[in-house]
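What follows is a set of notes on a single structure, which appears directly below.
Throughout, a chain's letter reflects where its sequence line sits, starting with A, and its residues are numbered from 1.
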Protein chains: 2
Amino acid sequence: MANIRDIAKAANVSVTTVSRVLNDHPYVSEEKRRAVLETMKVLKYNKNLNAVTLSKGKTQIIGVVLPYIHQPFFSLVLNGIARRASEEGKTIMLFQTNYEEEKEREALEKLKGKQLDGLIFCSRALSQADIQMYGQHGPVVLCEESEHMNCVYMNHYESIVTGVRHLRRRGYERIGLTLNRNSGRNTNERVRALKDSGFHDEDIFYGALNMEDGEEIARELLLLGNDGPDALIITNDTVAAGIYNEFRRRGKKIPDDLALLSYDNQHIAQSLEISSVQLPLLEMGEAAYSLLSIPKHKKIELPFTLIQREST
Amino acid sequence: MANIRDIAKAANVSVTTVSRVLNDHPYVSEEKRRAVLETMKVLKYNKNLNAVTLSKGKTQIIGVVLPYIHQPFFSLVLNGIARRASEEGKTIMLFQTNYEEEKEREALEKLKGKQLDGLIFCSRALSQADIQMYGQHGPVVLCEESEHMNCVYMNHYESIVTGVRHLRRRGYERIGLTLNRNSGRNTNERVRALKDSGFHDEDIFYGALNMEDGEEIARELLLLGNDGPDALIITNDTVAAGIYNEFRRRGKKIPDDLALLSYDNQHIAQSLEISSVQLPLLEMGEAAYSLLSIPKHKKIELPFTLIQREST
DNA sequence: TTGTAAGCGTTATCAT
DNA sequence: ATGATAACGCTTACAA
């Protein structure tokens, strides 16, 4: 592997000149430029990007932390980030964490080790305080409200309040909630909003992330019969689809037997006519990316829209 | 920013000793180890990972090239890759190309520049020959059949033949096909299989990738009336869902008015009872990752399964 | 067990 | 315009 010095020697110029040619700097005669280019070809020269990185102190790599790649929510946010990053010639390093703190730490350590120019958390398991500690090593953005770090988020409390109001107007009286985790800021906000609206813990179902989880919850609800909620606000469309499917299989009707309101408004909600809270996820990703280069604390709240369909 | 030399000086040891402490090497007295660790804390030392990279000549980064992150097909393959990579302490650099050759080239150039230890193409716009040229700079794996590069793929020709046989058995006589692109190895194989089965160009619909595309194609088909195919093999479940939705909206019935057989067997196919060809996508990703470290040419063909539902 | 010094391959500063 | 030379910060023979 020929390096810049080999080229310099072979072409009878200095390394500086070779570097100049490499970077299209001015102040290099056409004659030498051609000579350098020629010997590069002869010696099959390849620029070593790691050396550039070390010398410049920047990698042009942005880290993105998310729990699950294949969830529509996260893959759309990621998409938004990737789009902006690509426009600016940055690349994305992906950290799929499955909500394991250790995996999140790996990403933070790469920021600390200068392998990343910035880091975006689409969701997190570590505490905000833990994450904030790494802020001194480079820009960190959260897709969740934060008082100390740059962040882009939607108002989860308000979204639940809006959902409850919508359901009440449609005549539903006992409203339940499904959630993925039993901690996390967004989760807590949703729970708080539900309780403030006068509903109870017993109608909150945790561990609701996939279609199978939805089917499972549906079976629980069917056992409860009239002793359960008559409407459910659901983690995401996929879980809602699971509930929908299981109810249909058992000969139950949506929304007569159970009203469904889910989050994300993905294709499947559209197809099954499930009401859903739509978030501008691509925009969230794009905003997160932009926030990386804003030095002072900035929060961006994104609006949501409730799309009503047959399920409510 | 204190570096390894500063630490050495302050702790009264050599840089080698510091490096040894850093890497948990044996042969360093407990006394010095503690001294080093202590001064590291005092001087707030952070290891610079780029320097490590340059020195070692390996980055532990694997590049993944795919056209669209948010498509279930690709996000599942990516998931499989990420899982294996994470197990081995490698990280993923993501290249969302939107099938732009230039973007694919960026990834290849990073391999050439030693910023990547390997590269996986989940799909491609560049020719195999173009990609193969970069094989000299590091391992490259394709998720598509190739005679020269390591690859994991499914037999697209056979999948169409199987689909056609299935549809014929169910009584359908004129079978059409939807595709995303009008080139690409997988696409070509599908077209070839359809033609070999006795069907024609006129029933092939291109540009079918999203739900909206499906709706559009559905409208075209509705205009054709009885002058179109009575069954369709479809790019993916999302497109199929689009067709399904549009037909339902117009009061048409699936499969009476049109039989649908799609690819990928994602949630939405399950929910809408659409027959679908299932591929082991996670396994495909995992296999692709493993193939990176196999020096001699190896091909892995993955099986597919036709899941029959109400749409056929 | 410890240290010296030569890489790794660039970029950047400062003369000339 | 061109070049010497010092960073960048770590790893790793090789020597002691």
Side-chain angles (χ1 to χ4, degrees), chain A residues 1-37 39-40 43-61 89 109-117 137-138, chain B residues 1-40 43-61 109-117 137-138:
Chain A
M1 280 283 87
N3 66 24
I4 207 178
R5 253 179 281 268
D6 300 329
I7 303 297
K9 199 164 293 175
N12 262 311
V13 298
S14 70
V15 291
T16 313
T17 301
V18 178
S19 176
R20 287 207 176 98
V21 172
L22 228 36
N23 297 288
D24 291 319
H25 272 301
Y27 301 131
V28 40
S29 68
E30 200 45 47
E31 182 193 12
K32 303 220 166 190
R33 153 168 274 113
R34 250 202 299 275
V36 168
L37 256 19
T39 51
M40 277 181 176
L43 300 187
K44 294 193 203 306
Y45 170 78
N46 294 318
K47 188 177 192 165
N48 183 313
L49 298 173
N50 299 319
V52 178
T53 286
L54 176 60
S55 184
K56 290 208 164 156
K58 294 260 169 253
T59 56
Q60 314 287 26
I61 305 176
E109 286 296 323
K110 299 220 187 271
L111 181 71
K112 185 168 162 186
K114 300 226 169 293
Q115 201 163 58
L116 299 175
D117 288 353
H137 303 111
Chain B
M1 282 281 87
N3 64 24
I4 207 179
R5 255 179 281 268
D6 300 328
I7 304 296
K9 199 165 293 174
N12 262 311
V13 297
S14 70
V15 290
T16 314
T17 301
V18 178
S19 176
R20 288 206 177 100
V21 172
L22 228 36
N23 297 288
D24 290 319
H25 273 300
Y27 300 131
V28 38
S29 66
E30 199 44 47
E31 181 193 13
K32 302 219 166 188
R33 152 168 276 111
R34 251 202 298 276
V36 168
L37 256 18
E38 183 54 33
T39 50
M40 277 179 176
L43 299 187
K44 294 192 205 301
Y45 171 78
N46 294 318
K47 190 178 192 166
N48 183 313
L49 298 173
N50 299 319
V52 178
T53 286
L54 176 59
S55 185
K56 292 209 164 153
K58 294 263 171 250
T59 55
Q60 314 288 30
I61 305 175
E109 286 295 324
K110 299 220 186 274
L111 181 70
K112 186 168 162 186
K114 301 228 168 291
Q115 202 163 58
L116 299 175
D117 288 351
H137 302 111

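Along DNA chain D, read 5' to 3', the first and last nucleotides having any atom under 4.0 Å from a heavy atom of chain A are D/dA1 to D/dG9.
At distances below 3.5 Å, not a single donor-acceptor pair connects side-chain atoms of B/N50 with backbone N or O atoms of A/T59. A donor-acceptor pair is defined here as one N or O able to donate and one able to accept, closer than 3.5 Å; no such pair exists between the side chain of B/S55 and the backbone of B/A51.
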Could you check A/V18 against A/M40 for side-chain contact (heavy atoms from CB on, under 4.5 Å), going step by step and ending with a plain yes or no?
CA-CA 9 Å; A/V18 178; A/M40 277 181 176; 3.7 Å; yes
Report the C-alpha distance between B/K47 and B/N23 in whole Å, list the side-chain angles of each, state the deciding distance to 0.1 Å, and finish with yes or no for side-chain contact (heavy atoms from CB on, under 4.5 Å).
CA-CA 11 Å; B/K47 190 178 192 166; B/N23 297 288; 3.2 Å; yes
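Atom CD of A/E30 has more than 12 neighbouring heavy atoms from other residues, nucleotides or ligands inside a 6.0 Å radius.
There is a side-chain donor-acceptor pair under 3.5 Å between B/T17 and B/S14.
In terms of heavy-atom proximity, A/V28 sits nearest to A/R33 at CG1-NH1, 3.5 Å.
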Between protein and nucleotides 7-13 of chain C, map the contacts as a letter string: B base, S sugar-phosphate only, - none, heavy atoms under 4.0 Å, written 5' to 3'.
BBBBBBB
